[in-house]
K.L.:
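Quick one: structure below, then a few questions.
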Amino acid sequence: MAARAEVLALQAEVARREEELSSLRQRLATALSAEQGPERPVPVSPLPPKAALSREEILRYSRQLVLPELGVAGQLRLAAASVLVVGCGGLGCPLAQYLAAAGVGRLGLVDYDVVEVSNLARQVLHGEDLAGQAKAFSAAASLRRLNSAVECVPYAQALTPATALDLVRRYDVVADCSDNVPTRYLVSDACVLAGRPLVSASALRFEGQLTVYHHAGGPCYRCVFPAPPPAHTVTSCADGGVLGVVTGVLGCLQALEVLKIAAGLGPSYSGRLLLFDALGGQFRAIRLRGRSPDCAACGERPTVTALQDYEAFCGAAATDKCRPLQLLRPDQRVSVTDYKQLLDAGVPHVLLDVRPQVEVDICRLPHALHIPLKHLERRDAASLQLLGEAIREARPGAQDGTGLPVYVICKLGNDSQKAVQILQAWSAAGELDAHPVQDVAGGLMAWAAKVDTSFPEY
């Protein structure tokens with residue numbers, strides 16, 4: 001096992017050095033082009049067309065070659081094709097794996113994140129030995145082991161408005177496997193400006209969807225979604241969860257669409273949206289409205305002529321990491337270490353856990369009272385009564401428990417702040433006796449990191 005881990009680490013280091021070399025070449029090309037004029041794009045070397053397949057390639061791809069729809073001509077197109085994969089996570093891993101297995105000539109792998117243990121249930125290119133490694137390097141090393149003839153170019157960086165257009169222009173097809181709305185707008189706009197087709201997919205819980213944007217006059221992402229959704233309505237996989245095989249199904253379907261485009265067969269879902277319901281075991285396709293003449297990106301009079309600040313446009317960060325909210329004043333919050341001190345001192349109080357039941361089943365603090373946030377939001381009378389009883393029990397002998405501190409906790413410290421505001425509103429309306437209410441900042445994951453390292457993280 002130690003030798004295998006060393007080999008994997010060395011392969012990841014080789015991938016990192018190759019990326020550094022690619023970056024230096026890009027900087028040199030940029031400097032040379034700047035001398036010739038600021039508007040000149042960085043030169044790109046396309047993959048040379050292959051005149052014929054070698055004996056080894058015929059054997060490797062033999063099951064594909066006998067397909068009349070693909071044949072030798074289609075396989076030669078795949079060998080000369082390049083695909084940019086944006087995101088090496090649950091969608092990007094199976095997508096890139098099947099593209100490499102099928103013999104696509106060059107794969108660009110973009111991901112700013114590192115491999116975490118919580119990724120391994122769905123991100124099948126990564127392994128336990130590479131936890132902490134950049135996902136782009138880990139994916140590239142795995143793909144090289146699968147097919148050494150495929151050129152894998154890792155970009156261990158975030159895709160930004162400053163880099164996206166140049167990067168997209170280097171590839172024939174783009175696959176959006178990202179996990180946030182700002183990146184989806186960024187990738188789509190870059191594909192429109194660069195004239196590249198975009199194969200896009202997403203997955204959450206037991207559901208997924210897939211479509212192809214900006215292909216043969218079809219709509220782009222902005223045609224379908226002219227304005228971003230409110231940031232607070234968007235649920236990430238970290239918050240809502242996802243079954244790994246669902247991302248695998250969607251990533252494979254994405255790979256199928258990419259391969260059909262690259263081989264010249266044409267996609268099935270340009271102008272159509274494929275919906276997948278894993279619990280019901282059903283696929284359903286709906287027709288999207290066509291390209292909008294008023295679209296800001298691909299319409300008759302486009303206003304998006306350059307890439308913009310997409311985080312500002314969407315009001316959200318270009319990441320699936322949970323963004324901490326700041327809804328309360330500092331004096332309305334308590335750190336996990338301060339809460340541990342008052343707990344050890346035996347200070348009478350009530351700890352209210354507002355997570356969903358499914359998360360409480362994973363782990364909990366034994367002394368916490370559980371009332372889900374959604375029950376508080378709908379002003380559930382039974383929940384109000386339950387909280388009142390807990391307050392009276394925490395201060396035996398007191399008539400109503402007035403003044404007893406109430407602390408609210410959740411997973412990360414966002415929902416707990418919302419709950420504090422609700423309880424404050426109840427007190428102001430006279431529905432709850434007056435109590436100092438504070439949120440435990442950082443929630444149970446901060447508790448696991450700073451107080452009790454044996455407490456489960458999820």
Side-chain angles (χ1 to χ4, degrees), residues 89 112-121 123 126 128 130-135 158 179-180 231-232 235-241 316-373 376 387 390-391 394 404-424 435-458:
Y112 70 93
D113 209 355
V114 299
V115 178
E116 300 175 356
V117 173
S118 63
N119 302 148
L120 302 182
Q123 300 180 15
H126 313 305
E128 296 175 353
L130 289 180
Q133 291 278 355
K135 287 184 181 179
D179 46 25
N180 62 86
H232 68 275
T235 302
S236 69
C237 289
D239 292 332
T319 174
D320 69 332
K321 308 296 183 185
C322 184
R323 184 172 60 172
L325 300 178
Q326 295 293 333
L327 304 178
L328 303 177
R329 301 189 310 269
D331 64 297
Q332 295 175 311
R333 313 194 74 187
V334 61
S335 69
V336 289
T337 52
D338 287 344
Y339 175 73
K340 180 63 164 59
Q341 289 178 0
L342 70 89
L343 184 64
D344 292 341
V347 177
H349 71 282
V350 168
L351 177 66
L352 178 61
D353 187 335
V354 296
R355 295 175 298 153
Q357 181 64 51
V358 68
E359 295 186 33
V360 174
D361 291 342
I362 298 172
C363 57
R364 64 178 300 173
L365 294 177
H367 63 286
L369 169 69
H370 176 229
I371 300 177
L373 176 63
L376 300 179
L387 177 59
I391 291 172
L404 184 81
V406 176
Y407 297 96
V408 187
I409 199 165
C410 65
K411 178 183 178 181
L412 296 168
N414 287 343
D415 285 350
S416 55
Q417 294 182 73
K418 299 174 185 177
V420 168
Q421 293 180 325
I422 292 172
L423 296 181
Q424 290 172 339
H435 301 279
V437 183
Q438 288 183 297
D439 140 77
V440 181
L444 289 168
M445 295 304 95
W447 178 271
K450 299 178 181 179
V451 176
D452 181 4
T453 55
S454 68
F455 192 83
E457 295 184 63
Y458 65 98

K.L.:
For residues 349-360, which residue pairs pass the side-chain hydrogen bond (donor to acceptor under 3.5 Å, both in side chains) check, not counting sequence neighbours?
P.N.:
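Output for this query lists Y339-H349, D353-R355, R355-Y458, Q357-D361, Q357-H370, E359-Y458.
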K.L.:
Going by the rule side-chain hydrogen bond (donor to acceptor under 3.5 Å, both in side chains), which residues pair with E116 if we only count those two or more places apart in sequence or in a different chain?
P.N.:
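Applying side-chain hydrogen bond (donor to acceptor under 3.5 Å, both in side chains) to E116 gives K321.
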K.L.:
Do you know the tightest heavy-atom contact between A446 and A441?
P.N.:
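That would be CB-O, 4.0 Å.
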K.L.:
At their closest point, which heavy atom of G443 faces which heavy atom of I409, and how far apart are they?
P.N.:
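Taking G443 first and I409 second, the nearest heavy atoms are CA-CG1, 4.0 Å.
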K.L.:
Specify the closest pair of heavy atoms between L369 and A390, including all atoms of both residues, with the distance to one decimal.
P.N.:
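Distance-wise, the nearest heavy atoms are CD2-CB, 3.7 Å.
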K.L.:
What's the spacing between N414 CG and D439 CG if we round to 0.5 Å?
P.N.:
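Answer rounded to 0.5 Å: 9.0 Å.
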K.L.:
Would you please test D113 and N119 for side-chain contact (heavy atoms from CB on, under 4.5 Å) and show each step?
P.N.:
CA-CA 11 Å; D113 209 355; N119 302 148; 5.5 Å; no
K.L.:
Give the C-alpha distance, both sets of side-chain angles, the deciding distance and a yes or no for side-chain contact (heavy atoms from CB on, under 4.5 Å) between Q421 and L328.
P.N.:
CA-CA 8 Å; Q421 293 180 325; L328 303 177; 3.8 Å; yes
K.L.:
Which heavy atom of A419 sits nearest a heavy atom of V408, and at what distance?
P.N.:
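Closest approach of A419 to V408, heavy atoms only: CB-CG1, 3.7 Å.
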K.L.:
If we only count heavy atoms from C-beta on, is the L376 to L352 side-chain gap below 4.5 Å?
P.N.:
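Yes. Closest side-chain heavy atoms under 4.5 Å.
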K.L.:
Could you give the distance from CG (L365) to CG (L343), rounded to the nearest 0.5 Å?
P.N.:
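It is 8.5 Å, given to the nearest 0.5 Å.
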K.L.:
Could I get the full list of side-chain contact (heavy atoms from CB on, under 4.5 Å) partners for E457, not counting sequence neighbours?
P.N.:
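M445, A448.
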K.L.:
Mind checking whether Q332 and L327 have side chains closer than 4.5 Å, heavy atoms only?
P.N.:
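Q332 does not reach L327 side chain to side chain.
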K.L.:
Could you pull out the closest heavy-atom pair between S416 and C410, with the gap in Å?
P.N.:
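So the two residues come closest at N-SG, 3.4 Å.
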K.L.:
Test: salt bridge (Lys or Arg N to Asp or Glu O under 4.0 Å). Region: residues 406-424. Which pairs qualify, not counting sequence neighbours?
P.N.:
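Residue pairs with at least one partner in residues 406-424: D415-K418.
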K.L.:
Decide yes or no on side-chain contact (heavy atoms from CB on, under 4.5 Å) for V420 and Q417, but give the supporting numbers first.
P.N.:
CA-CA 5 Å; V420 168; Q417 294 182 73; 5.6 Å; no
K.L.:
Could you measure the distance from the CG atom of L342 to the CG atom of L351? Nearest 0.5 Å is fine.
P.N.:
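So the gap between those two atoms works out to 9.5 Å.
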K.L.:
What is the distance from atom OH of Y407 to atom CZ of R333, rounded to the nearest 0.5 Å?
P.N.:
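That separation rounds to 14.0 Å.
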K.L.:
To the nearest 0.5 angstrom, please state how far the NE2 atom of H435 sits from the CG atom of L387.
P.N.:
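One finds 7.0 Å between NE2 of H435 and CG of L387.
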K.L.:
Work out which heavy atom in D331 is nearest to a heavy atom in Q438; give both atom names and the distance.
P.N.:
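Here D331 and Q438 meet closest at O-NE2, 2.9 Å.
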K.L.:
Just to verify, what does K340 make a salt bridge (charged side-chain N to carboxylate O under 4.0 Å, His left out) with, not counting sequence neighbours?
P.N.:
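Salt bridge (charged side-chain N to carboxylate O under 4.0 Å, His left out) check on K340 returns D344.
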K.L.:
When you compare the side chain of L404 with that of P348, does any pair of heavy atoms fall below 4.5 Å?
P.N.:
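Contact flag for P348/L404 side chains = yes.
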K.L.:
Which residues pass the salt bridge (charged side-chain N to carboxylate O under 4.0 Å, His left out) test with D179, not counting sequence neighbours?
P.N.:
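Here no residue qualifies.
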